[in-house]
Amino acid sequence: MSLDFHKLARKWQRRWKAQRVFESDPSDKPKFFLTTPYPYVNGLLHIGHTYTYMRVDAFARFKRMRGFNVLFPFAWHATGSPIDTAAKKVAENEPGQLNALKLMGFKDEDLPAFKEPLHWVKTFSREAKKDLMRYGMSIDWRREFVTTDLNPRYSKFIKWQFNTLKKKGFVVQGEHPVVWCPKENAPVGDHARAEGEGETPQEMLLVKFKTDGHVFPCATFRPETVFGVTNVWVNPDLTYVEAVVDGEHWMVSEPCVRKLLDQKHDVKELKRRKGSELVGAKVRNPVTGVEVPVLPAFFVSADTGTGVVMSVPAHAPFDWAALKELQDKGMPDAQNLKPVSLIQVEGFGEFPAVEVCRQLSIADTKNARLEEATQLVYKKEFHTGKLKQNTGKYAGKGVQEVKPLLIADLKAEKKAAVMFELVGKVVCRCLARCHVKIVDNQWFLKYSDAQWKQSAMKCLQQMKLYPDKVRGQFEYVLDWLQDWACTREVGLGTNLPWDKHWKVESLSDSTIYNAFYPVIQHLKKISLGKVNDKLFDYVFLGVGNPDDLGVDHKLLDDARREFLYWYPVDFRNSGKDLVQNHLAFYIFNHVALFPEQLWPKGIGVNGYVTIGSKKMSKSKGIFKTLRQVIETFSADVTRVSILSSNEEMNDVDWDSEVAESMKAKLEQWYDFALKFYGKNGVSGGREIDRWMEHQLHSAMRDATVAMDETLYRTAIQRGFFDVQRHLKWYSRRTAGQMSQQVLTDLVELQTLFLAPFTPHVCEEVWSKLGKSGLIVNEKWPLFDGNKVNVQLEQVEDTMARTLDDVQQVLKLAKVEHPKLITLFVAADWKVLLCRKVKELVVQTRDIGQVMKSVMVDFKDRAQEASALVQKFVKDPSRIPLASAHQEAEFQNLVDAVAFLKEVLNCSVEVIKEQDSSELKAKQAMPGKPAILVK
RNA sequence: GCGGCGGUACCGAAGCGGUCAAACGGGCUGGAUUUAGACUCCAGCGGCUUAGUGCCUUCGCAGGUUCGAAUCCUGUCCGCCGCACCA
């Protein structure tokens with residue numbers, strides 16, 4: 001029979017909604033508050049989102065069944081620039097953007113509306129909500145909200161948060177370098193680049209080589225090599241600008257002027273000069289005082305640094321190659337220049353650059369391997385190099401150590417300036433070339449603050465992490481986080497309360513919004529004008545006098561009480577990508593704003609979703625929206641397939657084959673449950689019934705432990721796959737004569753167990769079993785510890801292995817139609833001997849000693865016993881595991897005779913070893929009956 | 001480079017000192033059932049052997065500790081993720 005999972009889903013979702021089962025209000029029960037980062041509403045939800053949400057949902061349902069009053073709320077994130085940008089692109093009819101919308105299923109006539117950012121927010125939050133409801137999420141939708149000033153109450157909440165942080169000194173103003181697009185006039189993050197992902201501003205030093213009137217600022221990442229400068233390079237083909245920079249006359253390339261301006265230098269252009277005009281000048285090394293010539297080099301780029309470079313042929317392959325070129329051409333100024341060595345490095349002689357060029361056969365500046373040579377020399381020198389005698393006070397120290405000292409000295413002596421530069425080319429999506437700008441008056445959250453860090457660390461230490469192995473990552477991140485630029489000039493959001501030209505940046509307005517869920521329903525009843533900082537102070541912190549707020553006291557107290565009831569958050573789950581930003585901020589901002597008892601209690605982190613083991617990628621077509629998978633496989637099948645795929649921080653895989661198989665298994669389980677519940681059974685009480693009970697209850701025990709840790713794969717394996725497998729065996733073993741009691745127990749427990757994973761089909765089964773209430777409100781399966789008995793497992797294992805062995809023997813002996821099979825059960829003395837040897841062997845491996853203490857008890861069968869002892873001491877792994885007494889083993893085999901007869905299709909007899917004169921009988925070992933086939 | 005997590009059979013993955021040729025799921029092979037498929041059931045999926053046994057090879061690679069190692073130690077190689085101004 002094929003089940004209509006979709007129909008079931010709709011049916012039970014309607015009931016849940018009608019009965020408001022997920023609408024949670026404070027009560028006397030202990031609470032459990034779960035959240036997950038709200039999605040950014042610029043598109044449809046995909047299966048990546050949903051794995052994360054599903055983990056929360058399964059946990060919410062589990063905790064509900066464990067007797068907690070559970071709250072799982074949800075909201076929408078609209079802060080930031082992507083929606084804004086996308087809306088603008090629609091307004092400009094940008095084809096790529098229009099196409100993206102069409103791919104999501106929107107028709108041509110739908111598109112114009114997307115010119116409005118608000119339309120994006122409304123559309124995608126509505127669609128996402130539909131999807132999540134169809135997915136069976138146990139969300140309390142009454143608390144839904146959206147961020148930004150589209151939601152004035154939320155904006156007021158953010159303003160309160162920032163005002164409070166500022167009062168505590170955690171919001172500070174400053175400047176910092178960013179990758180900047182000069183066309184869009186905005187910072188360009190990694191995701192918004194056409195080229196240059198991963199490039200970050202690097203500090204370059206501009207070492208001031210001077211003529212009498214002019215400064216040649218040589219841009220370098222290796223200032224320590226200043227001791228080995230033989231000359232300065234300029235590119236004769238470039239145009240240089242002579243400009244007054246911070247009061248000095250500098251020579252720099254054209255593009256450099258804009259960079260200097262953007263990096264807070266005072267720049268006045270005087271005139272432009274061809275690079276070739278500069279060649280031949282003499283400049284003085286500010287550190288050594290040596291005068292060196294300015295020479296031409298075509299490898300010098302206008303876009304990097306200043307277009308002026310110092311030449312260190314001993315340690316820089318480019319410089320050596322360029323110098324050699326000039327010398328070969330016979331340039332007079334270059335003739336007498338010799339490399340000056342200043343770094344001693346293992347494995348190289350005096351001039352590493354010269355050596356490497358020779359090794360790689362580099363003879364000129366056009367050689368493609370120059371970059372490689374540079375890296376080679378640089379890495380080696382940086383890590384193992386020591387400065388030579390000609391470096392004055394730095395002599396004898398390592399390069400790594402000297403570098404920061406030298407930089408500090410040069411800066412202090414004004415012999416060098418600083419410039420931020422991008423090592424690789426960065427191009428904005430708008431196709432403009434980016435450079436580094438120092439943004440002024442930027443507001444920061446001061447995550448570098450030592451005290452603040454300490455509190456955050458304390459919070460982390462007290463927190464439960466799912467799984468705990470992320471702890472190391474969190475510790476690293478909390479320590480590493482520096483001040484975070486928390487304001488933006490563009491995009492949607494909330495204005496910074498004290499400086500309206502800034503908006504609160506999108507990650508920074510999302511750190512403590514969990515606190516908004518408990519109070520939102522109360523806030524809605526308060527007129528907007530009354531919602532202010534004082535009100536939040538009272539509701540969240542209990543500070544201030546409610547009389548001053550002009551609001552009905554009952555409303556205030558309800559809000560305060562509800563906040564205190566739900567807070568802190570017990571479990572917040574997200575993908576592992578948010579550890580280094582959102583989740584870290586979440587910790588920081590909580591500890592800054594709330595008293596310790598309201599700090600977060602638990603964070604869950606999970607891996608990504610792959611599709612057919614491949615990383616999701618829209619452009620490669622490896623992508624599925626949530627609605628696609630639900631439509632194909634239904635909510636229940638999707639849920640259990642993904643959750644059973646993997647756990648901890650491993651990626652889970654969406655595999656249609658697995659989903660297909662899961663669907664079949666669920667159908668089978670459904671049929672089984674309805675068919676066997678409360679009927680068809682026998683009275684039971686046999687060993688095998690107890691065995692099945694043992695398997696069931698120990699599985700439930702393990703599954704419960706796993707659920708508490710959100711280890712869903714383990715839970716599903718124990719609670720579902722293992723139990724199904726054992727059930728199959730049980731059915732075979734009893735020839736279908738299963739105990740009614742056992743079956744009833746099993747169906748109930750398993751239905752309850754599956755409810756967090758496949759809630760719809762479980763509701764259906766539950767109701768068909770004749771239960772009156774909804775399964776969501778039922779108690780989680782309580783396993784009965786009395787029914788767990790490992791002995792039963794051993795005995796049954798013996799039985800199963802015996803069957804295997806008999807079949808094996810039949811095959812090997814080539815007996816197709818046996819008449820009689822006799823099983824001999826090992827005598828009790830063997831059981832005792834095994835136990836004894838097992839104990840002894842841990843203490844000593846001396847055969848004599850073991851023998852001595854064992855033989856005391858086995859004098860009457862010295863020969864057999866000593867043979868066994870010898871064998872066991874030699875290889876303790878051969879000591880049989882089974883420790884059941886002969887009687888138990890015997891009884892179970894006798895019980896199984898009917899079954900064995902049926903399977904083997906011949907007579908079967910079971911005899912105790914000591915009751916037989918057959919030679920074979922002596923081979924019997926505990927847990928391993930001897931077998932005789934006739 | 002820095003930090004985190006990993007490398008186990010065809011794939012995913014469990015195991016974390018003896019019960020390990022290695023759970024479980026997918027896949028595959030053979031057989032039963034079936035009009036045929038799907039589903040289901042049984043047997044099997046390192047090699048050679050064998051009255052249920054024994055031996056060899058295998059848990060990234062190389063060493064070591066131990067009576068005994070997939071599991072502990074050391075070294076080494078490889079993969080994935082993050083390294084920020086932002087969803």
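In the text below, chain A, chain B and the rest are named by the order of the sequence lines, each starting its count at 1.
- Note on A/Pro37: nothing from the nucleic acid sits closer than 4.0 angstrom, heavy atoms only.
- Computed from coordinates, the A/Tyr40 OH to B/C86 P distance equals 12 Å when rounded to whole Å.
- OP1 or OP2 of B/C24 has at least one side-chain nitrogen or oxygen of A/Arg725 nearer than 4.0 Å.
- Relative to the side chain of A/Gln808, the nucleotides B/G52, B/A87, B/G6 differ in distance, and B/G52 lies closest.
- One atom, CG of A/Asn606, and another, P of B/C80, lie 20 Å apart when rounded to the nearest Å.
- Contact of A/Asn581 with B/A87 (side chain to base): a donor-acceptor pair of N or O atoms is detected under 3.5 Å.
- Atom P of nucleotide B/G7 and atom CG of A/Asp651 are separated by 14 Å, given to the nearest angstrom.
- Nucleic acid contact for A/Leu481: base, since at least one base atom lies under 4.0 Å from a heavy atom of the residue.
- Phosphate contact (OP1/OP2 of B/A87, side-chain N/O of A/Ser81, threshold under 4.0 Å): present.
- Here, B/C45 and B/A9 have their C1' atoms 10 Å apart, quoted to the whole Å.
- Atom CZ of A/Arg471 is separated from atom C1' of B/C5 by 16 Å (rounded to the nearest Å).
- Counting any heavy atom pair closer than 4.0 Å across all strands shown, A/Val579 reaches no nucleic acid atom.
- Dashed line: the shortest gap from a side-chain N or O of A/Lys615 to OP1 or OP2 of B/C80 is not under 4.0 Å.
- Checking B/C2, B/A87, B/A84 against the side-chain heavy atoms of A/Gln482 singles out B/A84 as nearest.
- Side chains of A/Glu505 and A/Trp484: a donor-acceptor N/O pair is present below 3.5 angstrom, by distance only.
- Between A/Arg718 and the phosphate of B/C24, there is no side-chain N or O to OP1/OP2 separation shorter than 4.0 Å.
- Residue A/Ala664 has its side chain nearest to B/C39 when only B/C41, B/C86, B/C39 are considered.
- The backbone N or O of A/Ile603 lies less than 3.5 Å from no partner atom in the side chain of A/Arg572, so there is not a single donor-acceptor pair.
- The side chain of A/Arg713 places an N or O atom within less than 4.0 Å of a non-bridging phosphate oxygen (OP1 or OP2) of B/A14.
- Rounded to whole Å, the P atom of B/G75 lies 50 Å from the corresponding atom of B/G30.
- Contact annotation for A/Asp483: base contact, defined as any heavy-atom pair under 4.0 Å involving a base atom.
- Residue contacts for A/Glu648: at a heavy-atom cut-off of 4.0 Å it reaches no nucleic acid atom on any strand shown.
- Rounded to whole Å, the C1' atom of B/G7 lies 11 Å from the corresponding atom of B/C61.
- Taking the P atom of each, B/U57 and B/A13 are spaced 29 Å apart, rounded to whole Å.
- Comparing the C1' positions of B/G31 and B/C24 gives an interatomic distance of 24 Å, to the nearest angstrom.
- Distance from the side chain of A/Tyr476 is smallest for B/G3 among the nucleotides B/C81, B/G3, B/C85.
- Counting to the nearest Å, the P atom of B/C24 and the NZ atom of A/Lys728 are 11 Å from each other.
- A gap of 46 Å separates the C1' atoms of B/G82 and B/C67, to the nearest Å.
- Comparing B/G25, B/C86, B/A87 against the side chain of A/Trp484 picks out B/C86 as the nearest.
- Look at A/Ser644 and you won't find any side-chain N or O under 4.0 angstrom from OP1 or OP2 of B/G25.
- At a threshold of 4.0 Å, the pair A/Asp671-A/Lys675 does not count as salt-bridged, since none of the basic side-chain nitrogens sits closer than that to a carboxylate oxygen.
- Distance from the side chain of A/Val809 is smallest for B/A51 among the nucleotides B/G3, B/A51, B/C85.
- The shortest distance between the side-chain N/O atoms of A/Lys576 and the OP1/OP2 oxygens of B/G4 is not below 4.0 Å.
- As a whole-Å value, the separation of A/Phe721 CZ from B/A14 C1' is 14 Å.
- Between A/Arg801 and A/Asp804, none of the side-chain N atoms (NZ, or NE/NH1/NH2) sits under 4.0 Å from a carboxylate O, so this pair counts as no salt bridge.
- Nucleotides B/G68 and B/G18 have their C1' atoms positioned 7 Å apart, rounded to a whole Å.
- Applying the 4.0 Å criterion to OP1 and OP2 of B/U40, one finds that A/Gln668 has a side-chain N or O inside that range.
- Mapping A/Trp480 and A/Thr79 onto RNA chain B by nearest heavy atom places A/Trp480 closer to the 5' end of the strand.
- Listed pair A/Lys928 / B/U53 meets the phosphate criterion, a side-chain N or O lying under 4.0 Å from OP1 or OP2.
- A distance of about 25 Å separates the C1' atoms of B/U29 and B/U35, rounded to the whole Å.
- Using a 4.0 Å heavy-atom criterion, one finds that A/Gln717 contacts the bases of the nucleic acid, with or without backbone contacts as well.
- Looking at heavy-atom distances under 4.0 Å, A/Lys665 makes contact with sugar-phosphate atoms alone, never a base.
- Each of A/Asn646 and A/Val477 was matched to the nucleotide of RNA chain B holding its nearest heavy atom; the match closer to the 5' end belongs to A/Asn646.
- Ion pairing between a basic and an acidic side chain is recognised when a charged N comes within 4.0 Å of a carboxylate O; A/Asp509 and A/Lys503 show no such pairing.
- Between A/Lys920 and B/A51 there is no side-chain polar atom (N or O) within less than 4.0 angstrom of OP1 or OP2.
- Between the P atom of B/G12 and the CD1 atom of A/Ile611 lies a distance of 17 Å, rounded to the nearest Å.
- The distance between atom CD of A/Glu489 and atom C1' of B/C85, rounded to the nearest whole Å, is 13 Å.
- For the ring pair (Phe, Tyr, Trp, His ring centres under 6.0 Å) with A/Phe74, the lone residue among A/Tyr53, A/Tyr513, A/Tyr38 that qualifies is A/Tyr53.
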